[in-house]
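Remarks on the structure that follows.
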Protein chains: 2
Amino acid sequence: MTEQGANQQPHKPVTMQEIADRCGVNKNTVSLALRSDPRVAVATAHRILAVAEEMGYNPLYNDAARRLALRKSGKRIINQVVALFYEGNFTHHRYYAEIFDGLSEVCTLTDFQILLVPRSFDAQGKRLIREFKTLPPIFSRGDIDGAILIDDMRFSKVPHLLFREPSFRACPVMSLLWPAPGCSSVLTDDEQGGYLSVRHLLALGHRHILHCWGPESHLGHYLAKQRVLGYRRAYQEAGLDPEQYLHATVVEPYLSAYENVARRIQDACRQGVPFTAVLAQNDTGAGYARQALAELGLRVPQDVSLIGFDDTEPLLDDARQNMLTTVHLPLVDVGREGAKLLLGRIRGEIAEDTSITLPVELIVRGSTGPPAR
Amino acid sequence: MTEQGANQQPHKPVTMQEIADRCGVNKNTVSLALRSDPRVAVATAHRILAVAEEMGYNPLYNDAARRLALRKSGKRIINQVVALFYEGNFTHHRYYAEIFDGLSEVCTLTDFQILLVPRSFDAQGKRLIREFKTLPPIFSRGDIDGAILIDDMRFSKVPHLLFREPSFRACPVMSLLWPAPGCSSVLTDDEQGGYLSVRHLLALGHRHILHCWGPESHLGHYLAKQRVLGYRRAYQEAGLDPEQYLHATVVEPYLSAYENVARRIQDACRQGVPFTAVLAQNDTGAGYARQALAELGLRVPQDVSLIGFDDTEPLLDDARQNMLTTVHLPLVDVGREGAKLLLGRIRGEIAEDTSITLPVELIVRGSTGPPAR
DNA sequence: TTGTATGCGTTATCAA
DNA sequence: TTGATAACGCATACAA
């Protein structure tokens, strides 16, 4: 793609030379004055600024010239644009929507714009219509100041492409939800979330707990490992051997998310695993678990306690109230803090890549109670 | 905001001069060859292209120079970036999410990126944190090829800002959902939606119909007028006087959306309006209406028939199935067609601003039936 | 404190 | 078909 838009009148902007002529000074005095360089006499500067204002001078109109000139000294202009790489599903999942809202809020307040770079799904979010193979041209032009990666982006080719792109590789990158080499990151404390869940169940008197995991993404695998560490910590803190009481499930990728949950629960029952509580992968998974348990005649929480994760989706009881005990994730803050850190790096206020982990909270509702047996 | 990012190594890209030196030709022969100008000899061109490839030449790296040079002849480079102006709520409403999905799909397939320019709400989407007063700098730099306006954007200052901005005003603008002067547009046929709704009710035997409208936005007001035209057409086609049978409601802006619906229905009952069917503003409004009717002891559809609009939100019956008769809007296609038209304008394939109206469809489910009285 | 000269990498005009 | 030269508008080193 080259030149020629549907454009006519090619807008001829005011130049420094024209201001200089009107002021009877040299154009580079104008250049200095407009950048409020102290070397210019106050009176001259004042006059120049007034004339520039009056003539409608806007430095952005001649940005190409500035960029060209600036190459000699190796300086860069801040574009006030960051790119957001995502899976193509943030309109459909509250989980991503909340993170996006946080990003958007901070970017808006700081006059940065977000450029979307979706992993290419069709409008239904089902069919992958194109994988990342190259970066959009705007990156090569050097018009992007930084990048934000959500979800499995860390495991895509995107980081490689970004670090390889000469026009971008000096720019900071923010990886949300999990750490990535060469990036800053904002994480949720899933280990703590796991710990809080099991501690809660142990305090209620539960011992044997089923850890129910759905089909894996790269991110899901990482998070599962974190949470299991937390589960173990809670058992150990209570003087119990996690190996004896914690029952993990094996994931079968060819099954649907629901079937994975249902099968694991059915298998556990059939094998006589004496579990009295289920830890779901997330709130959706908790819904699957309740359904699967119901089909086995098991009620929540009377027969089995159930804990979700994320706190993005309610599990409704008969009174249409959310009954799900779950781990609340500060997803909006993940977005907010991610944006803040990235913009700090871009502005040079933060020198090094920085990683922070945000605390999570266990919300106790009705889906957990003392064990029946 | 001026220079100096957090950047170090200032990436020194290959220039045409360097290629020319290696090939023993003049740099402007290289310039012509790289743009595959027929004036350069085939053999020379081939050699130059090979060397450029080998040296890793990328025209995008020196885009600033190209833009500067191109100013003389008044040409413009296509940036492959369009701006999306929106209300800050498309992550929270399926209505907007579907339009966005359509936009995103087409942009992805055509290698265009979307730059988000939200009307500035905070992360909860509640508090307006900043109104549009100026365009982001990227517009003044001339790095945007076109703009898309959703929802009330048409009535904001945005069109004014766009048409006033010298670096943008020659670019095409797409207004979605309603027409706007100086813009292309993609609309839904709300008049037809209104017509189909009333025709369906009349065919079932209904006569007196309550038209229930919630608090108004500019867009809402426009759409309401369209639909009322359709209602009238259906009555007239049946040889009935709409003035006698169509009962519009007065909106009270200080009431919530639910209260507006509930009050109107209560008032109509109290005043003895013999309505047997309700036309809601949208599916959410239909939910409100069912609730308000239930509080008056009226069941849907036995006592009152109910029709929604949009087909974005189910009204669940006891079996958790969607029972709502509603007008399905092709929202994804609004996004798709909007993007296609805009990109066509940008590429110069479409010369004039174009307006299209997409057909809607009445989906008959369980919320409508013959009148009881 | 201000003016002069040069370069940034490209495109375009005009000769050769 | 190719080469020389002049913009494009700004920043900067250096001279005045």
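Given the structure is predicted, the values throughout are model-derived calculations rather than measurements. Proteins come first, then strands; the chains are lettered A, B, ... in the order of their sequence lines, and each starts at number 1. Side chains included, hydrogens not; waters and symmetry mates left out as well; all remaining heavy atoms used.
- For the side chain to side chain contact (heavy atoms under 4.5 Å, CB included) test, residues two or more places apart in sequence or in another chain that qualify with A:Asp101 are B:Thr91, B:His92, B:Ala123.
- Distances shorter than 4.0 Å separate some side-chain N or O of A:Arg35 from OP1 or OP2 on D:dT12.
- A salt bridge (charged side-chain N to carboxylate O under 4.0 Å, His left out) check over residues 18-27 of chain A, counting only residues at least two apart or in different chains, returns the pairs A:Arg22-A:Glu54.
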For residues 148-157 of chain B, which side-chain N or O atoms pair as donor and acceptor with protein atoms under 3.5 Å away, sequence neighbours left out?
residue	atom	partner	partner atom	Å
B:Asp151	OD2	B:Tyr96	OH	2.5
B:Asp152	OD1	B:Leu219	N	2.8
B:Asp152	OD2	B:His218	N	3.4
B:Arg154	NH1	B:Pro179	O	2.4
B:Ser156	OG	B:Met153	O	2.6
B:Ser156	OG	B:Val158	N	3.1

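- For A:Ala65, the side chain to side chain contact (heavy atoms under 4.5 Å, CB included) test picks out B:Leu68, with sequence neighbours left out.
- For the pair B:Arg71 CZ and C:dG9 P, the interatomic distance rounds to 19 Å; values are reported in whole Å.
- What separates CZ of A:Arg141 from P of C:dG9 is a distance of 18 Å, to the nearest Å.
- The shortest distance between the side-chain N/O atoms of B:Tyr57 and the OP1/OP2 oxygens of C:dG9 is not below 4.0 Å.
- Within the structure, side chain to side chain donor-acceptor pair (under 3.5 Å) contacts touching residues 37-53 of chain B (residues at least two apart or in different chains) are B:Asp37-B:Arg39.
- Distance CE (A:Met16) to P (D:dC8): 16 Å, rounded to an integer number of Å.
- Put simply, CG on A:Asp21 is 12 Å from P on D:dC10, counting in whole angstrom units.
- The side chain of A:Ser31 places an N or O atom within less than 4.0 Å of a non-bridging phosphate oxygen (OP1 or OP2) of D:dA11.
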Report, one pair per line, the protein and nucleotides 3-7 of chain C atoms (nitrogen or oxygen only) whose separation is under 3.5 Å.
residue	atom	partner	partner atom	Å
C:dG3	OP2	A:Asn26	N	2.8
C:dG3	OP2	A:Thr29	OG1	3.1
C:dT4	O4	A:Asn28	ND2	2.2
C:dG7	O4'	A:Lys72	NZ	3.0

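- Residues passing the side chain to side chain donor-acceptor pair (under 3.5 Å) test with B:Ser185, sequence neighbours excluded: B:Ser355.
- Atom CZ in B:Arg66 sits roughly 7 Å away from atom C1' in C:dT10 (whole-Å rounding).
- For the segment residues 39-52 of chain B, the set of residues with a heavy atom within less than 4.0 Å of an atom of DNA chain D comprises B:Arg39, B:Val40, B:Ala41, B:Thr44, in numerical order.
- Scanning for ring pair (Phe, Tyr, Trp, His ring centres under 6.0 Å) contacts around A:Phe132 gives A:Phe85, with sequence neighbours left out.
- Between the CG atom of B:Leu70 and the P atom of C:dT13 there is a distance of 11 Å, rounded to whole Å.
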Legend entry - Dot-bracket notation for DNA chain C, counting Watson-Crick and G-U pairs under 3.5 Å, with | for partners on another strand: ||||||||||||||||

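- Surrounding CD of B:Glu349 are more than 12 heavy atoms belonging to other residues, nucleotides or ligands, all under 6.0 Å away.
- Among pairs with a residue in residues 106-116 of chain A, those fulfilling salt bridge (charged side-chain N to carboxylate O under 4.0 Å, His left out) read A:Asp111-B:Arg130, at least two apart in sequence or across chains.
- Residues that satisfy the side chain to side chain contact (heavy atoms under 4.5 Å, CB included) test with B:Leu109, not counting sequence neighbours, are A:Ile129, B:Glu105.
- Atom CZ of B:Arg67 and atom C1' of C:dA12 are 19 Å apart (whole Å).
- With hydrogens and angles disregarded, a donor-acceptor distance shorter than 3.5 Å links the side chain of A:Asp145 to the backbone of A:Val81.
- OP1 and OP2 of D:dA11 both lie 4.0 Å or more from every side-chain N or O belonging to A:Ser73.
- A distance-only check finds no donor-acceptor pair linking the side chain of B:Arg345 to the backbone of B:Thr354 [under 3.5 Å].
- Atom NZ in A:Lys75 sits roughly 14 Å away from atom C1' in C:dC8 (whole-Å rounding).
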